[in-house]
Number of protein chains: 2
Amino acid sequence: MRMTSQREIILEELKNTDTHPTVDELYFKVKKRLPRISLATVYRNLEKMSELGIIQKIETVGSQMRFDGNPEFHYHIRCIYCGKIDDLPIRPIESLKDSRNVSLDGDLKNYKLVGFKLEFLGVCPECQNKQKQ
Amino acid sequence: MRMTSQREIILEELKNTDTHPTVDELYFKVKKRLPRISLATVYRNLEKMSELGIIQKIETVGSQMRFDGNPEFHYHIRCIYCGKIDDLPIRPIESLKDSRNVSLDGDLKNYKLVGFKLEFLGVCPECQNKQKQ
DNA sequence: TTAAATGCAAAAAGTTTGCACACGC
DNA sequence: GCGTGTGCAAACTTTTTGCATTTAA
């Protein structure tokens, strides 16, 4: 992978964010430093870097893709009102690590189980405040 | 909710399917019986019926929405190659039912936890066969 | 030097919306 | 008859792609 200034700055801006930005959000941040960058470049770079395991693509339900500058496995919590995603500093749930735990009283419909995706849902502090008003 | 023939037939076709169709797939099935129906009507009806809890919207990552004629809670498994979704006849994982189990060594970042979404990933029988060839 | 990356614009894919008309209750 | 629902077309949002040009190694 060739290191271009675009790639470098995209990665830098992603790592400097503790939110998990959408492509668009990141595009506007990067654009402040590289005004001529195109959205397609941001898409292409995020895709490639997540394939290489440098960053992590967070495929949340429904809405847009988001990216996480931290490639290590960890859980996420998503706000059901605003869609924001935060890291969840909990340890991986052991009972799920072993797929045998989940197939005790049923077959897997002939699927070969390769993993699972666990996402937590909640209400973020900001949206809790809005509800109170 | 008013019962129109469109609504009735959409629901009937969804219930008669053991796959978990996308809106488009269902649209073409319904179209065989109601040739003049529009895609917008299918969208509007599926949305409304899932709001009312008559059916279930399956919000899988990345791709399109899919719908399930069975409103009861159950787990799904998604094929990582073709995106197909099947029901998984396993019982709900008890350890996840109690949110206290997941917050033992970390806080929840001030989120109010409301639930979780657990989806299994696998390779469906058809895609396993394709791989062998 | 040359293959990979970029910018731009257009296309694609999925979903939503405005509006006039139709129809269930 | 009223108000919800429908069909149609157009708009919208997010993501991808073709192509000529630029650039890192």
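Quick note on labels: first sequence line is chain A, next is B, and so on, each numbered from 1. Not measured: the values here are computed from a predicted model.
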- Quick one: list whatever passes side chain to side chain donor-acceptor pair (under 3.5 Å) with D86(B), sequence neighbours left out. Y111(A)

- Item | Heavy-atom donor-acceptor pair, R66(A) side chain to P21(A) backbone, under 3.5 Å | no

- For E51(A), all residues meeting side chain to side chain donor-acceptor pair (under 3.5 Å), sequence neighbours excluded: none

- Query: Taking only side-chain nitrogens and oxygens of Y43(B), does any of them come within less than 4.0 Å of OP1 or OP2 of dT15(C)?
  - Reply: yes

- Message: Using C1' atoms of five pairs at each end, report the bend of the helix from dT1(C)-dA25(D) to dC25(C)-dG1(D) rounded to 10 degrees.
- Response: 30°

- Message: List the residues meeting side chain to side chain donor-acceptor pair (under 3.5 Å) with D24(A), not counting sequence neighbours, and say none if there are none.
- Response: none

- Can you tell me the distance, in whole Å, between the CD atom of Q64(A) and the P atom of dT16(D)? 12 Å

- Query: Nucleotide by nucleotide, 5' to 3', does protein get under 4.0 Å of the base (B), only the sugar-phosphate (S), or neither (-) in nucleotides 20-25 of chain C, counting heavy atoms?
  - Reply: ---BBS

- Query: What are the two closest non-hydrogen atoms of G122(B) and I77(B), and how far apart are they?
  - Reply: N-CG1, 4.0 Å

- Item | Minimum heavy-atom distance between R7(A) and M49(A), given as atom pair plus value | CG-SD, 4.1 Å

- Between CG of D87(B) and NE2 of H74(B), what distance do you get to the nearest 0.5 Å? 3.5 Å

Please list each protein N or O that sits under 3.5 Å from an N or O in nucleotides 9-11 of chain D, with the distance.
none

- Task: Would you confirm whether K15(A), through its side chain, and G69(A), through its main-chain N or O, come within 3.5 Å as a donor-acceptor pair?
- Result: yes

- Closest contact, heavy atoms only, E72(B) versus N70(B): N-OD1, 2.8 Å

- side chain to side chain donor-acceptor pair (under 3.5 Å) contacts touching residues 30-39 of chain A (sequence neighbours left out): E12(A)-R33(A), E13(A)-R33(A), Y27(A)-K31(A), S38(A)-T41(A)

- Select base, sugar-phosphate, or nothing to describe what L39(B) touches, counting heavy atoms under 4.0 Å on all strands. base

- Taking DNA chain D as the partner, which of residues 45-52 of chain A come within under 4.0 angstrom of it by heavy atom? none

- In numerical order, the residues of residues 17-36 of chain A whose heavy atoms come under 4.0 Å of DNA chain D are none

- Message: Suppose we screen for side-chain contact (heavy atoms from CB on, under 4.5 Å). Which residues come up paired with Y43(A), at least two apart in sequence or across chains?
- Response: V23(A), L39(A), M65(A)

- For the residue pair K109(B) and P125(A), what are the closest heavy atoms and their distance? O-CG, 3.9 Å

- Expected output: side-chain K117(B) to main-chain F120(A) donor-acceptor under 3.5 Å: no

- Of T41(A) and K57(B), the one whose closest DNA chain C nucleotide lies more 5': T41(A)

- Message: Do D68(A) and I55(A) make a side-chain contact, defined as non-hydrogen atoms from C-beta onward lying under 4.5 Å apart?
- Response: no

- Query: Reckon R44(B) touches a base, only the sugar-phosphate, or nothing at all at heavy-atom distances under 4.0 Å?
  - Reply: base

- Query: OP1 or OP2 of dG7(D) less than 4.0 angstrom from a side-chain nitrogen or oxygen of Q6(B), does that happen here?
  - Reply: yes

- Linked hydrophobic residues, I85(A) as query - side chain contacts closer than 4.5 Å: I58(A)

- Query: Quick one: salt bridge (Lys or Arg N to Asp or Glu O under 4.0 Å) pairs with a partner in residues 40-49 of chain B, sequence neighbours left out?
  - Reply: E47(B)-K57(B)

